[in-house]
Amino acid sequence: MLVGIIGAGPAGCALSCFLAERGMQSIVFDNDKRPDLLVGESLVPAVMPYLRRLGIESEVAQISAKKYGAALRHPNGQRVDFKFRHFNRHVPNYSYNIPRPEFDRILRHRAEAMGVRFAHHRAKVDASLSTDREIQLSESSLEAANLSRHPDILVDATGRHRLFSRTLKLSVTEGKRDDVSYFAHYDSFDSDVAVEGQVVLSVIDSGWSWQIPLKNALSVGVVIDKKVAPRYGNTPEQRLENIIDADSVLSHSGRNRQRKSKVMSYSNYQLLSEKGFGKGWVLLGDAYGFVDPMLSPGLFMALESAALLDKYVFSKKWVSSIDAGFERYCNDVNHWHESWDKVIEYFYDGRLLGLFEAGQNVTKNASRWSPNRLLEWHIRRVISSMVSGTATRSAYNQQALYYSCKHLLSEDISAEDYKIKSNIVNSMISKDNDICFDQH
């Protein structure tokens with residue numbers, strides 16, 4: 001079997017490595033063009049088993065900042081810091097913040113070292129009238145790759161370009177929000193970390209922001225409602241800088257900032273294809289669907305989807321046919337998207353930050369081993385396992401989070417107070433009496 005993979009990002013290269021482990025032949029099409037900055041700079045701990053399986057953790061560690069936790073911050077003073085934990089022997093209590101172009105090159109070099117063949121060509125595809133396939137490489141792409149026949153399976157790993165979906169005019173399901181993000185790398189910008197490598201997520205007017213400590217810079221980004229963005233300027237540079245200046249916390253942290261990169265802009269990242277495979281083709285990674293970047297699941301989903309496709313379609317032990325394998329693969333990927341969307345919604349609608357305040361209140365005067373304190377500890381553990389990617393799909397965790405919010409949030413502690421608003425621009429919020437709640 002010959003597998004044609006279009007796109008040499010993390011999903012495409014990881015799949016090619018997994019196939020090489022099985023002694024299977026693949027060819028990866030790559031036009032060798034990439035932007036200087038890419039989203040997906042922070043990795044969740046669930047990525048680590050894949051870095052180890054691919055044999056690249058030591059190389060990734062050399063270019064990256066180690067990450068032991070994350071933080072959620074609200075303009076009203078509420079802040080939650082948490083550390084990653086050991087949930088099983090396969091997943092460590094850390095991950096990495098990575099420079100994406102360098103990470104992608106490491107993965108590409110690993111694939112080459114494993115004997116994967118690359119075609120330095122921007123692949124073109126056509127809809128096919130053949131009964132064996134619905135889409136196929138163009139004659140020019142076959143010639144450029146020196147192929148005498150069509151691959152048995154074509155994999156779309158083109159990311160946001162979504163080559164197959166555009167060619168076949170596939171329907172998609174879009175997210176509830178219509179946001180745009182702007183980000184850049186900075187020097188002399190206080191990252192405000194409480195844990196080494198900690199990613200700090202902050203609620204801002206009409207959206208939220210991130211601060212990701214890299215080895216030689218701080219990645220600062222904002223995600224806001226598209227309708228609001230023009231009020232901050234005409235260019236991505238103006239908008240990012242003005243949004244930072246308009247937020248009291250960000251402006252204070254970045255009062256001496258020096259931008260060392262251009263500003264990148266991304267939009268339409270809440271999207272999922274309604275059809276993930278067909279005759280002779282399948283979608284992979286971002287080409288299948290984008291996950292909201294709030295919890296940094298994007299690169300994990302790229303590697304996870306590659307592993308799932310390898311497991312269900314190419315291992316030959318799970319299913320009786322390729323179509324049945326494709327079906328199981330799509331079911332798992334769809335469930336991952338649904339699970340991430342659910343936990344991310346807790347941040348957007350304010351329940352997550354509200355829940356932490358409620359937990360702080362019920363344990364304020366509780367003894368160390370009181371039922372209230374043990375319950376609060378358990379809830380924090382549930383949330384940590386979900387945001388780290390180790391148990392995001394757990395039905396128990398999802399129910400525990402739902403009922404915790406239902407019974408602990410009240411009129412006194414309302415999720416509405418922490419909700420990320422859309423379509424508004426408020427005046428600068430005063431934070432003279434900033435209070436931090438440490439939830440280690």
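Put simply, OG on Ser26 and CG on Leu15 are 7.0 Å apart, with the number rounded to the nearest 0.5 Å. Put simply, NE2 on His335 and CH2 on Trp340 are 13.0 Å apart, with the number rounded to the nearest 0.5 Å. Rounding to the nearest 0.5 Å gives a distance of 6.5 Å between CZ of Phe29 and NE2 of His121. Residue Leu309 holds its CG atom at 11.0 Å from CZ of Phe277, rounded to the nearest 0.5 Å.
Residue pairs meeting the salt bridge (charged side-chain N to carboxylate O under 4.0 Å, His left out) criterion with at least one member in residues 389-405, sequence neighbours excluded: Asp332-Arg393.
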**Asked** After noting the C-alpha distance and the side-chain angles of Val44 and Ser95, does the key distance pass the side-chain contact (heavy atoms from CB on, under 4.5 Å) rule?
**Response** CA-CA 6 Å; Val44 296; Ser95 188; 5.7 Å; no

**Request:** I would like to know whether Tyr50 and Glu304 meet side chain to side chain donor-acceptor pair (under 3.5 Å); could you show each step before the answer?
**Result:** CA-CA 8 Å; Tyr50 291 123; Glu304 173 74 2; 2.4 Å; yes

**Message:** Evaluate Leu355 against Ile383 for side-chain contact (heavy atoms from CB on, under 4.5 Å), listing each step before the verdict.
**Reply:** CA-CA 11 Å; Leu355 181 61; Ile383 294 172; 4.0 Å; yes

**Message:** Walk me through whether Ser128 and Ile135 qualify under side-chain contact (heavy atoms from CB on, under 4.5 Å).
**Reply:** CA-CA 5 Å; Ser128 173; Ile135 198 167; 5.7 Å; no

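Crowding of Lys215 atom NZ: a count of heavy atoms from other residues, nucleotides or ligands under 6.0 Å exceeding 12. Residue-environment remark: CD (Glu21) exceeds the threshold of 12 foreign heavy atoms within 6.0 Å.
Proximity of a side-chain donor or acceptor of Ser384 to a complementary backbone N or O of Arg381 within less than 3.5 Å is not detected. Ser64 places no side-chain N or O within donor-acceptor distance of the main-chain N or O of Ala61, the cut-off being under 3.5 Å. For the pair Arg85 (side chain) and Asn93 (backbone), a donor-acceptor distance under 3.5 Å is absent. Under the 3.5 Å distance criterion, the side-chain polar atoms of Ser141 are left unmatched by any main-chain donor or acceptor of Leu137. Asn97 contributes a side-chain N or O that, together with a main-chain N or O of Gly197, makes up a donor-acceptor pair within less than 3.5 Å. Put simply, the side chain of Gln398 gets close to the backbone of Thr392: a donor and an acceptor are under 3.5 Å apart. Proximity of a side-chain donor or acceptor of Arg328 to a complementary backbone N or O of Tyr312 within less than 3.5 Å is not detected. For the pair Asp179 (side chain) and Gly207 (backbone), a donor-acceptor distance under 3.5 Å is absent. With hydrogens and angles ignored, the 3.5 Å screen pairs a side-chain donor or acceptor of Asn242 with a backbone N or O of Gln238. Counting only distance, with no hydrogens or angles, the side chain of Glu327 and the backbone of Asp323 share no donor-acceptor pair below 3.5 Å.
Heavy-atom minimum distance, Leu37 versus Met264: CB-CG, 3.5 Å. Of all heavy-atom pairs between Ser42 and Val199, the closest is OG-CG2, 3.3 Å. Of all heavy-atom pairs between Ala307 and Arg53, the closest is CB-NH1, 4.2 Å. Closest non-hydrogen pair, Leu72 versus Leu353, comes out as CB-CD2, 3.8 Å. When all heavy atoms of Pro49 and Val91 are compared, the pair lying nearest together is CG-CG2, 4.0 Å. Asp245 and Ser251 get closest at one heavy-atom pair: O-CB, 3.7 Å.
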Run the side-chain donor-acceptor check on residues 278-289: report pairs under 3.5 Å with partners two or more places apart or on a different chain.
from   : atom 1 : to     : atom 2 : distance (Å)
Trp281 : NE1    : Glu134 : OE1    : 2.5
Tyr288 : OH     : Asn334 : OD1    : 3.1

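For the pair Leu19 and Asp310, the minimum side-chain heavy-atom distance is below 4.5 Å. You'll find the side chain of Val193 reaches within 4.5 Å of the side chain of Pro213, heavy atoms only. Between Arg73 and Val200, some side-chain heavy-atom pair lies under the 4.5 Å cut-off. Annotation: side chain of Lys66 is in contact with side chain of Tyr68 (closest heavy-atom distance under 4.5 Å). You'll find the side chain of Ser265 reaches within 4.5 Å of the side chain of Val180, heavy atoms only. Side-chain contact check for Pro151 versus Leu154: some heavy-atom pair is nearer than 4.5 Å. Side-chain atoms of Arg257 and Ser188, non-hydrogen and from C-beta on, never get closer than 4.5 Å to each other. Residues Leu271 and Arg162 meet the side-chain proximity criterion, which asks for heavy atoms closer than 4.5 Å.
One finds no salt bridge joining Asp104 and Arg110 here, because no Lys/Arg side-chain nitrogen approaches an Asp/Glu carboxylate oxygen to under 4.0 Å. The residues Arg149 and Asp152 are annotated as salt-bridged, a charged nitrogen and a carboxylate oxygen being separated by less than 4.0 angstrom. Between Asp81 and Arg79 a salt bridge is recorded (basic side-chain N to carboxylate O distance below 4.0 Å). Ionic pairing of Arg259 and Glu237 is not present here: no N-O contact between side-chain nitrogen and carboxylate oxygen is shorter than 4.0 angstrom. Residues Asp349 and Lys176 are not paired through a salt bridge, judged by the lack of any N-O separation under 4.0 Å between the basic side chain and the carboxylate. Ion pairing between Glu57 and Arg52 holds under the 4.0 Å rule for side-chain N and carboxylate O.
Thr158 and Asp156 share a donor-acceptor pair across their side chains, judged by distance under 3.5 Å alone. A donor-acceptor pair shorter than 3.5 Å cannot be found between the side chains of Gln211 and Asp192. In summary, the side chains of Ser385 and Asn397 do present a donor paired with an acceptor at a separation below 3.5 Å, with no hydrogens or angles considered. Counting only N and O atoms by type, the side chains of His185 and Gln258 include no donor and acceptor under 3.5 Å apart.
For Phe300, the ring pair (Phe, Tyr, Trp, His ring centres under 6.0 Å) criterion is met by Trp336, not counting sequence neighbours. Remark: Tyr96 pairs with Tyr94 by the ring pair (Phe, Tyr, Trp, His ring centres under 6.0 Å) rule, at least two apart or across chains. Phe183 is linked by a ring pair (Phe, Tyr, Trp, His ring centres under 6.0 Å) to Trp210, counting only residues two or more places apart in sequence or in another chain. Every residue two or more places apart in sequence or in another chain that forms a ring pair (Phe, Tyr, Trp, His ring centres under 6.0 Å) with Phe189 is listed here: Tyr186.
Using cut-offs of 30° and 60° on the angle between ring planes, the pair Phe347 and Trp208 is perpendicular.
A cation-pi arrangement is present between Arg108 and Phe118, with the terminal nitrogen or guanidinium carbon under 6.0 Å from the aromatic centre and inside a 45° cone about the axis. For Arg239 and Tyr232, the positive end is not near the middle of the six-membered ring at less than 6.0 Å and at most 45° from its axis. At least one cation-pi condition fails for Arg22 and Phe314: the charged atom is not both under 6.0 angstrom from the six-membered ring centre and inside a 45 degree cone around its axis.
Under the side-chain contact (heavy atoms from CB on, under 4.5 Å) test applied with Ile243, the options Val223, Val228, Ile224 reduce to a single match, Ile224.
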